[in-house]
There are 2 protein chains.
Amino acid sequence: MNLRELSQLLGLSQTTVSRALNGYPEVSEATRNRVQQVARDHNYSPNARAKGLATGRSHAIGHVIPISHRHEMVNPVFGDFISGVGEVYAREGYDLVMSVVTTADELNTYRTLAARSSVDGVVLHAPLMEDPRIPLMRELGLPFVVHGRASHEELPYSWLDVNNKSAFQRATDFLLDLGHRQIGLINGLEMQDFAFRRREGYVAALKSRGLDLDPTLMRSDEMTEVYGYESAKEMLQSDAPPSAFLVASMISAYGIRRAIQEAGLVMGSDVSVVTFDDDLSYLSNRQDIPIFTACRSSVRDAGMRVAEMLLRQIKAPQSPLEQTLLEAELIAGRSTGPFTGQI
Amino acid sequence: MNLRELSQLLGLSQTTVSRALNGYPEVSEATRNRVQQVARDHNYSPNARAKGLATGRSHAIGHVIPISHRHEMVNPVFGDFISGVGEVYAREGYDLVMSVVTTADELNTYRTLAARSSVDGVVLHAPLMEDPRIPLMRELGLPFVVHGRASHEELPYSWLDVNNKSAFQRATDFLLDLGHRQIGLINGLEMQDFAFRRREGYVAALKSRGLDLDPTLMRSDEMTEVYGYESAKEMLQSDAPPSAFLVASMISAYGIRRAIQEAGLVMGSDVSVVTFDDDLSYLSNRQDIPIFTACRSSVRDAGMRVAEMLLRQIKAPQSPLEQTLLEAELIAGRSTGPFTGQI
DNA sequence: TAACCCTTCCAAAGCGCTTTGATAATTTTT
DNA sequence: AAAAATTATCAAAGCGCTTTGGAAGGGTTA
């Protein structure tokens with residue numbers, strides 16, 4: 001069922017039917033109702049490609065997911081983020097077009113996306129400190145919003161980010177206030193902007209109390225369970241083991257907890273742990289009393305906000321760029337306690 | 001840069017340029033090379049919508065992700081599966097169109113997808129035992145492949161599934177061979193076909209040795225860490241605690257391990273655990289010796305195969321339906337050992 | 001009654017591509 | 001050398017929609 005058939009069925013022109021369905025005023029209420037009714041009865045939906053060709057927009061948003069071929073990591077955060085943006089897109093009638101590409105093809109994928117004009121805008125994920133995608137998007141003239149920030153980017157752009165620095169600074173302060181002095185930092189890959197900023201927060205907190213940094217207490221890698229486990233295990237076996245850990249992901253926190261238990265220690269009394277909690281649905285930390293003390297910021301919520309920002313920008317291209325900085329909550333759970341000197 | 005501009009630039013007709021770029025034979029090699037060169041120089045890619053409108057196909061595959069609004073769960077398996085299908089789509093020049101919808105809207109989303117003809121085919125996720133999507137897809141005439149199976153569906157359809165029953169039957173046998181008799185089953189939601197089949201495997205193994213089922217040892221729920229923890233904790237506190245657990249996901253297995261450690265027991269000697277391992281990149285169980293004894297089947301690999309099946313079907317609609325049954329490997333790790341009677 | 005103005009509808013062009021059916025240009029066959 | 005076959009190119013139609021620029025029809029006003 002296409003527009004021509006539908007209009008013949010109704011004894012009206014395509015013009016009138018199109019206007020009736022798209023809410024234009026120059027059609028009487030009576031005909032509009034009749035048209036809508038018949039369209040519904042025949043389960044008519046306009047052909048997406050034809051509509052797009054005529055209007056010049058695709059009503060689709062692009063998400064490019066790079067897979068490094070060394071270790072095909074799919075960030076677990078990704079699912080929840082997508083579910084957040086996806087909900088908004090669905091509500092607003094936009095499609096989500098995803099391209100899974102190798103990091104080598106990434107920039108070309110954006111070029112092609114723009115050249116074929118298959119999307120009206122894109123969301124940039126996991127920015128590096130200096131990210132070539134941002135100037136590229138400007139060059140291509142494609143609306144975009146960055147989830148995160150690129151510290152070294154000088155020109156303005158739209159972004160939404162969690163205040164990673166203040167979150168980790170507060171978390172570190174929290175541990176310091178509990179009396180901990182040896183705090184292990186189990187960070188994500190520090191080429192990623194978020195991880196770099198978290199480290200800055202950790203460093204700032206220590207510095208402001210005049211404490212020295214101990215490089216043996218600072219790790220940076222892909223945030224798996226095993227990484228958390230191995231890092232914590234090694235640190236706990238050292239001569240001056242940390243009495244607390246600050247960790248960048250729930251999954252690695254599980255690993256740290258395992259290392260603590262395996263060492264015959266108790267998390268929350270012997271060793272404290274503070275984690276960053278993206279509030280993932282399958283890795284929930286939400287109990288009566290949360291298992292982990294954590295900086296919490298829902299990545300699903302971030303996805304919804306990013307989507308709204310981008311759609312606003314697409315609908316009103318002249319509107320000013322938006323920047324949103326979210327503060328993570330620091331929620332106290334069972335995994336922290338005062339320094340006991342037991343370790 | 002569009003086709004008209006490009007052809008003017010070349011002093012050729014649109015026809016010739018189009019044929020040159022699409023590999024048709026009725027154009028000389030000399031002109032073809034010239035056309036391709038100039039197209040590349042000007043970064044020309046044909047407009048996706050115009051091409052789709054002209055050819056009648058979208059070169060896109062739909063994935064509909066339902067979010068139950070009770071608890072906005074995004075299955076962690078999802079990310080790896082998407083990265084698998086996405087890699088194949090990218091290689092074959094297809095887009096991945098994702099719709100995140102509430103379960104209530106799900107069927108209508110498929111209807112709309114078909115009516116607007118925005119995709120050339122769809123992948124069905126997480127089938128129920130009796131799944132209304134399968135007859136609907138037939139009605140809509142949209143090519144589709146199911147990841148999993150629907151036990152109660154009678155007519156043939158394309159699917160790819162892991163042999164969940166034999167996997168859990170082997171796993172149960174493995175535990176029985178080690179001397180365990182009280183085996184806790186921490187299953188997924190049994191309205192899902194895969195979970196139902198896993199349970200069948202567990203039941204079959206017990207029955208074939210003349211053992212009775214103990215309903216207090218069988219749980220079914222969304223597979224979170226806390227679910228694994230709570231279930232194991234309760235079972236271990238009972239009068240006749242299990243000496244082994246069979247669990248449907250790595251995440252819940254983490255929870256079980258935690259409950260075991262917290263009870264002062266050692267996983268792998270006091271209590272054995274076998275899990276299903278989807279080989280997720282961020283939850284890797286791949287060590288020199290795997291942490292968990294597990295039925296392993298890579299969901300990323302499954303995604304790649306599903307995508308290949310679907311694209312084959314789209315390219316040759318008359319070709320017969322394909323059914324693929326994968327066997328999971330049973331890999332021995334550190335989490336299992338002979339029954340000691342210590343529990 | 002004529003002139004004018006809304007309201008309601010429509011014919012036709014255009015979006016950027018593919019593809020059909022011809023037409024020139026060249027080569028081969030008779 | 002003329003006829004036939006092949007090669008290389010093109011003009012134009014069509015995919016299904018939106019949108020521009022009218023044009024009827026009915027009601028008001030002068």
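So you know, we letter chains A, B, ... as the sequences are listed, proteins then strands, and number each from 1. These numbers come from the heavy atoms of this one structure, side chains and all, not from hydrogens, waters or symmetry mates. No experiment lies behind these values; they were computed from the predicted model shown.
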Fill in: Global bending angle along the helix from C:dT1-D:dA30 to C:dT30-D:dA1, which compares the axes of five pairs at either end, to 10 degrees
60°

Worksheet item: Counting distance only, does the side-chain N/O of B:Glu308 pair as donor-acceptor with the main-chain N or O of B:Val88 below 3.5 Å?
Response: no

Worksheet item: Tell me, for nucleotides 8-18 of chain D in 5' to 3' order, what letter each nucleotide earns: B for a base near a protein heavy atom under 4.0 Å, S for only sugar-phosphate near one, - for neither?
Response: SBBBB-BBBBB

Item to complete: With sequence neighbours excluded, give me every side-chain hydrogen bond (donor to acceptor under 3.5 Å, both in side chains) pair touching residues 27-38 of chain B.
Response: B:Ser28-B:Thr31, B:Glu29-B:Arg32, B:Gln37-B:Arg40, B:Gln37-B:Asp41

Polar atom pairs between nucleotides 23-25 of chain C and protein, under 3.5 Å, N or O only, would you list them?
none

Worksheet entry | Whole-Å distance separating the CG atom of A:Leu21 from the C1' atom of D:dT19 | 15 Å

side-chain contact (heavy atoms from CB on, under 4.5 Å) partners for [X], two or more places apart:
| X | result |
| --- | --- |
| A:Gln313 | A:Pro143, A:Val145, A:Ser158, A:Leu321 |
| A:Asn108 | A:Arg111 |
| A:Ala90 | none |
| B:Arg133 | B:Glu106, B:Leu107, B:Tyr110, B:Leu124, B:Pro127, B:Asp131 |

Worksheet item: What residue pairs, at least two apart or across chains, pass salt bridge (charged side-chain N to carboxylate O under 4.0 Å, His left out) with a residue in residues 142-152 of chain A?
Response: A:Arg149-A:Asp161

Practice prompt. Return each pair, listed once, that meets ring pair (Phe, Tyr, Trp, His ring centres under 6.0 Å) where at least one residue sits in residues 113-142 of chain B; pairs must be two or more places apart or across chains.
Written response: B:His63-B:His125, B:Phe81-B:His125

Worksheet item: How would you list, by chain and number, every residue that makes a side-chain hydrogen bond (donor to acceptor under 3.5 Å, both in side chains) with A:Ser118, sequence neighbours excluded?
Response: none

Practice prompt. Taking ring-ring contact (aromatic ring centres under 6.0 Å, His included) as the test, write out the residues that go with A:Phe144, two or more places apart.
Written response: none

